[in-house]
Protein chains: 2
Amino acid sequence: MLQIYENTGKMALGSRLKQLSEALAKQAARVYQLYEVDLDPKWFPVFYMLKSGSCLPITVIAEAIGHSHASVSKIAKEMTAAGILKSEKLAGDARVNQVCITDKGRSLLSGFERQTGDMEAVVDELLGQCQHNIWEAISELDYLLEEKDVFARVRSKFLDRDKENIELIEYRAEHATSFRDLNYEWINKHFEIEQSDSAMLDDPEKQILAKGGYIVIAKYKGSVVGTCALIRHDANRIELAKMAVDDSVKGKGIGYLLGQRCVDKAKELDFRQVFLESNTKLKPAINLYKKLGFKRIVGEPSPYKRCNIQMLLTFLD
Amino acid sequence: MLQIYENTGKMALGSRLKQLSEALAKQAARVYQLYEVDLDPKWFPVFYMLKSGSCLPITVIAEAIGHSHASVSKIAKEMTAAGILKSEKLAGDARVNQVCITDKGRSLLSGFERQTGDMEAVVDELLGQCQHNIWEAISELDYLLEEKDVFARVRSKFLDRDKENIELIEYRAEHATSFRDLNYEWINKHFEIEQSDSAMLDDPEKQILAKGGYIVIAKYKGSVVGTCALIRHDANRIELAKMAVDDSVKGKGIGYLLGQRCVDKAKELDFRQVFLESNTKLKPAINLYKKLGFKRIVGEPSPYKRCNIQMLLTFLD
DNA sequence: ACTAATTACGTAACTAATTACGCGATGAAG
DNA sequence: CTTCATCGCGTAATTAGTTACGTAATTAGT
């Protein structure tokens, strides 16, 4: 075992796997030589796919063996030059290049099978001598990673840690500028400022808070980076709006935290439901709302031009 | 899982390992981006070796992390250009290029550790969820391969099968030409023909068989490819000689089979021991003789110039 | 002490894959 | 029925490593 693995811990799993697979590949190459089958080791998987005689398009082979189509294309070219493959056009679709084995290719088959048979037997024998079943272990790991890959898992940890840098506070007068700027910027990026915007954004204290609404401010590492508001329409109708998060802190879940805080606040204020208006072209936003529990509804027309979807969250209890 | 693995069986273990390790590497690359540590992923192992502050020569690092020295040399160059490493000459040996981390490199350490810590935790978690321990499985496999690698194992199988093509037969008049040619060729390749050679090779029936000796011929796939003889000197002294195997069938163990047959014959003829003469520069031959049980002795001077070593096999019973 | 072999390392050439890009063929949407 | 996105594939450029080779420094063998 390499010295480095004595210190890295399991983090280096990827490298160890690579190292082992490279060692196996190197030995396999020597095996190919031994059997004098006239196949370049790298042709092996393509040959394997075609040995039964079927004709397959490049991309289908690529997908089956886990290579890029470009790689298969190159290999097929080499094998064709060696007289092992031939290509034929697919009748219905002139784009498709179907390749299949030639008679010369077929003549290599018996040697190939003898060799792979021995190889198979050796690996079986080898795995039989192991207490821990590496084959099963790989399958398990594959399965777990399909569910949630390493990146996503590390990202969760990362975000957990990063959460300590996020702070939610109630709106105070000193946030007026940030509140306005963040929202203006957000609207300008996707739409145009409308008249109803200016009123709200320029005097939130009067237009939102004084009417029984609520504004929450998100800080990241001390500076204001996000806003969200509840706008009270009447005793039964309260709206979630003015959600804006600075681009530089996208992906940290700040939007979700802001939304959650507003939903909690609405509950606290004894509303039975919260509604919101948005636009279907803002896919990430819509997803966020869904994650918060909002469902699409058909409601009254919005005063904002940019809105073409309404959503509603009804509290269960 | 890729389609191909559904049919290949365990033979494709190497490819599966490679595939898994590549998937992990790809995800790891995304993790590096997330943490914004200014290290190219491929610098990772070198950085790991040097992060404690030690100065290490290129080859030492290469060996520890399992790369070629050329690769480490290139990486070190890049990292030096990035200001992360510096090199300093080793005092006693002007060939050695010791590299170590700079202050700038050290400044990356905290981010690096945070990241590797999270990574480690994730992998640990992942492995904890597996019933089959892939880490242990790799170690086991490593160990087994160190004992006898895949190539050697397959080769054993191959030779077993190939043995069916090898046939040992007693010398008959029809083998005279082959016997002479194989031996002439062998001697010419390494030495010069001497006078004692010609006599034996041109008339083996009289010079060897008539004097109570023995000649065995090896055929491979029907054609004569090897010879070996026992030359009777007197009632107590018999010599193993004229072992020649055609180059095209080297490595199939034909020499060993020939030798074994002659030794058996000597036993059958009631000799208590067999001796032989050879030359130390023929390492493979000497090894073969050792494998047959011969031990080096100091004997009488040989009639052949090419001989500088004598060996003896004494039967135990 | 001199020659030969070995060591450390850098550069160059090669390898086996990838991603990027372009082109013609196809199909979907107004 | 035309236009625009997408598909299949080939070629080019890139990448991360390897082996091969040359050179200078050191060690070993006579």
Side-chain angles (χ1 to χ4, degrees), chain A residues 2 14-15 17-30 32 39-47 55-81 85-100, chain B residues 2 14-15 17-30 32-33 39-47 55-81 85-99:
Chain A
L2 293 179
S15 321
L17 288 170
K18 189 179 168 196
Q19 198 216 336
L20 181 54
S21 77
E22 272 170 9
L24 288 174
K26 202 164 283 181
Q27 290 173 31
R30 295 178 63 203
Y32 300 148
L39 284 173
D40 189 320
K42 77 181 177 205
W43 298 350
F44 191 104
V46 172
F47 188 80
C55 281
L56 297 175
I58 299 289
T59 31
V60 169
I61 299 174
E63 199 140 300
I65 70 176
H67 281 196
S68 65
H69 79 90
S71 164
V72 175
S73 172
K74 230 187 313 184
I75 289 173
K77 197 176 158 192
E78 283 176 36
M79 292 176 79
T80 304
L85 295 189
K86 59 174 186 262
S87 46
E88 52 184 45
K89 284 278 138 195
L90 180 61
D93 191 333
R95 290 170 301 179
V96 179
N97 176 20
Q98 278 198 310
V99 289
C100 44
Chain B
L2 292 179
S15 320
L17 288 170
K18 188 177 168 200
Q19 198 217 336
L20 181 54
S21 78
E22 272 171 9
L24 288 174
K26 202 164 282 182
Q27 290 173 32
R30 295 178 62 202
Y32 300 148
Q33 264 188 310
L39 284 173
D40 189 322
K42 78 181 177 205
W43 297 350
F44 192 103
V46 172
F47 188 80
C55 280
L56 298 175
I58 298 289
T59 30
V60 169
I61 299 175
E63 199 141 299
I65 70 176
H67 280 195
S68 64
H69 80 89
S71 165
V72 175
S73 173
K74 232 187 309 186
I75 289 173
K77 197 176 158 192
E78 283 176 35
M79 292 176 79
T80 305
L85 295 189
K86 59 173 186 262
S87 46
E88 52 183 45
K89 285 276 140 198
L90 180 60
D93 190 334
R95 291 170 303 178
V96 178
N97 175 18
Q98 288 207 123
V99 289

* To do: Tell me which nucleotide among C/dG10, D/dT19, D/dG17 gets nearest to the side chain of B/A70.
  => D/dT19
* Structure fact -> Separation of D/dG8 atom P from A/K77 atom NZ, nearest Å, is 21 Å
* Nearest of C/dC9, C/dA17, D/dG10 to any side-chain atom of B/N97? -> C/dC9
* **Length of the line joining B/H67:NE2 and D/dT19:C1', which is rounded to integer Å** => 15 Å
* Determine whether more than 12 heavy atoms belonging to other residues, nucleotides or ligands lie under 6.0 Å from atom NZ of B/K77. => no
* Under 3.5 Å donor-acceptor pair, B/R95 side-chain atoms to C/dT7 base atoms -> yes
* What do the steps show when you test B/L85 against B/V46 for side-chain contact (heavy atoms from CB on, under 4.5 Å), and what is the final call? -> CA-CA 10 Å; B/L85 295 189; B/V46 172; 4.2 Å; yes
* Would you say the base of D/dG17 and the side-chain of B/K42 have a donor-acceptor pair closer than 3.5 Å? -> no
* Provide, to the nearest angstrom, the distance between the CD atom belonging to B/Q98 and the P atom belonging to C/dA8. => 12 Å
* Asked: When the distance from CD of A/E22 to P of C/dT15 is rounded to whole Å, what number comes out?
  -> 17 Å
* To do: May I ask you to evaluate whether B/S71 reaches the phosphate of D/dT18, defined as a side-chain N or O under 4.0 Å from OP1 or OP2?
  => yes
* Heavy-atom check, side chain of A/I75 versus side chain of A/I61, under 4.5 Å -> no
* Asked: Watson-Crick or G-U wobble partner for C/dG27, using a 3.5 Å limit on both distances?
  -> D/dC4
* Asked: What is the pairing partner of D/dG29, taking Watson-Crick or G-U wobble pairs with both distances under 3.5 Å in any strand?
  -> C/dC2
* Quick one: does A/S73's side chain have a donor or acceptor within less than 3.5 Å of a partner on A/H69's backbone? -> no
* **Whole-Å distance separating the NZ atom of A/K74 from the C1' atom of D/dT15** => 12 Å
* Using atom CD1 of B/I75 as one end and atom P of D/dT18 as the other, report the distance to the nearest whole Å. => 9 Å
* Under 4.0 Å between any heavy atoms, over every strand shown, what does B/S68 touch: base, sugar-phosphate, or nothing? Just pick one. => base
* Asked: NZ of A/K26: more than 12 outside heavy atoms within 6.0 angstrom?
  -> no
* Structure fact -> Of A/D93 and A/H69, the one whose nearest nucleotide on DNA chain C sits closer to the 5' end is A/H69
* Asked: Taking the nucleotide of DNA chain D with the closest heavy atom to each, which residue, A/V72 or A/K26, is nearer the 5' end?
  -> A/V72
* To do: Take atom NZ of A/K89 and atom P of D/dC9, then tell me their distance rounded to the nearest Å.
  => 8 Å
* Rounded to the nearest Å, what distance is computed from the CG atom of residue A/D40 to the C1' atom of nucleotide C/dA17? -> 13 Å
